[in-house]
Every structure is written in structure tokens, then in C-alpha cells.
*Asks:* 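Quick one: the structure is below, and I'll ask about it shortly.
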Amino acid sequence: MDEITDTERVQPLAKVIQHLERNGFRWNDIYVATTTPGQSYAGKFAGSDGLNFFFRDDENRILVGNLKDLNQSAEPEEKISFTAS
């Protein structure tokens, strides 16, 4: 519930959904959410928009994180791990 009431989390999520739709990706069949501060994540980097990035985790979820949480830049399909802030 926090996610849908927090504009800082809704806007990046909406951008990723628009990106997925433009590319014909059927996102309705997959869990899509933003990362939760303090939680650790791992997965494969998919892309970024300057402030945020999205990736697919080991549970096949698509998650949106804050680009500043990554220690270094990543390329598509590169494995990443980080703790969300």
C-alpha cells in the first residue's frame, strides 16, 4: 500500500510500465514493483532512465530501484546486487 501512495515510488514505476508497453512486453502477467528501502536485492540489470533503473530478480519479478543504490554502472543482462535506500 505504501507504494501506491508515495509519488516518489509511483512515478518511476509508471515510467517502467510505459517502457514495457512500448516494447510489447506483457507486464500484466509479471509482478512489477519498486524496491523497498533497507532490503537487499540481486538480479539482472535491464535498463535505466537517468535516476532509476529496472531489473529482473531471481524470482522473475521486475523491480524498479534508485540508480544511486548501484555501486557502479551496469549493462543489460549484467548481474547486480545492492541494498535499496
Side-chain angles (χ1 to χ4, degrees):
M1 198 66 174
D2 292 337
E3 188 170 53
I4 61 174
T5 60
D6 183 346
T7 58
E8 288 185 32
R9 293 176 79 176
V10 169
Q11 291 174 347
L13 189 59
K15 285 183 181 181
V16 166
I17 290 171
Q18 289 172 354
H19 171 79
L20 295 172
E21 286 177 342
R22 279 193 308 271
N23 289 288
F25 187 84
R26 297 179 60 128
W27 64 271
N28 282 322
D29 299 333
I30 294 181
Y31 180 86
V32 181
T34 58
T35 56
T36 301
Q39 188 167 342
S40 295
Y41 296 91
K44 287 187 178 180
F45 184 85
S48 67
D49 73 353
L51 296 176
N52 299 288
F53 70 99
F54 65 104
F55 66 102
R56 189 170 247 173
D57 72 2
D58 294 336
E59 296 177 32
N60 207 31
R61 301 177 299 176
I62 296 174
L63 298 165
V64 182
N66 191 320
L67 202 52
K68 70 179 182 178
D69 290 339
L70 295 180
N71 293 331
Q72 60 188 27
S73 61
E75 296 295 322
E77 297 297 315
E78 184 176 337
K79 290 185 179 185
I80 58 171
S81 61
F82 66 97
T83 300
S85 61

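Owing to the predicted nature of the structure, the values given are computational and were not obtained by experimental measurement.
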*Asks:* For residues 50-59, which side-chain donor-acceptor pairs fall under 3.5 Å, sequence neighbours excluded?
*Replies:*
from: Arg56; atom 1: NE; to: Asn60; atom 2: OD1; distance (Å): 3.0
from: Asp57; atom 1: OD1; to: Glu59; atom 2: N; distance (Å): 3.0
from: Asp57; atom 1: OD1; to: Asn60; atom 2: N; distance (Å): 3.1
from: Asp57; atom 1: OD1; to: Arg61; atom 2: N; distance (Å): 2.8
from: Asp57; atom 1: OD2; to: Arg61; atom 2: NE; distance (Å): 2.6
from: Asp57; atom 1: OD2; to: Arg61; atom 2: NH2; distance (Å): 2.6

*Asks:* Would you compute the distance between atom NZ of Lys68 and atom CG of Leu70 and round it to the nearest 0.5 angstrom?
*Replies:* 12.0 Å
*Asks:* Given Val16, which of Thr34, Asp49, Val64 fulfils the side-chain contact (heavy atoms from CB on, under 4.5 Å) condition?
*Replies:* Val64
*Asks:* I want to check something: taking the side chain as every heavy atom from C-beta on, are Ile80 and Tyr41 in contact at a cut-off of under 4.5 Å?
*Replies:* no
*Asks:* For Gly65 versus Thr35, what's the shortest heavy-atom pair and its separation?
*Replies:* CA-OG1, 3.6 Å
*Asks:* Among pairs that include at least one residue of residues 70-85, which meet side-chain hydrogen bond (donor to acceptor under 3.5 Å, both in side chains), considering only residues two or more places apart or in two chains?
*Replies:*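 The answer is Ser40-Thr83, Asp69-Ser85.
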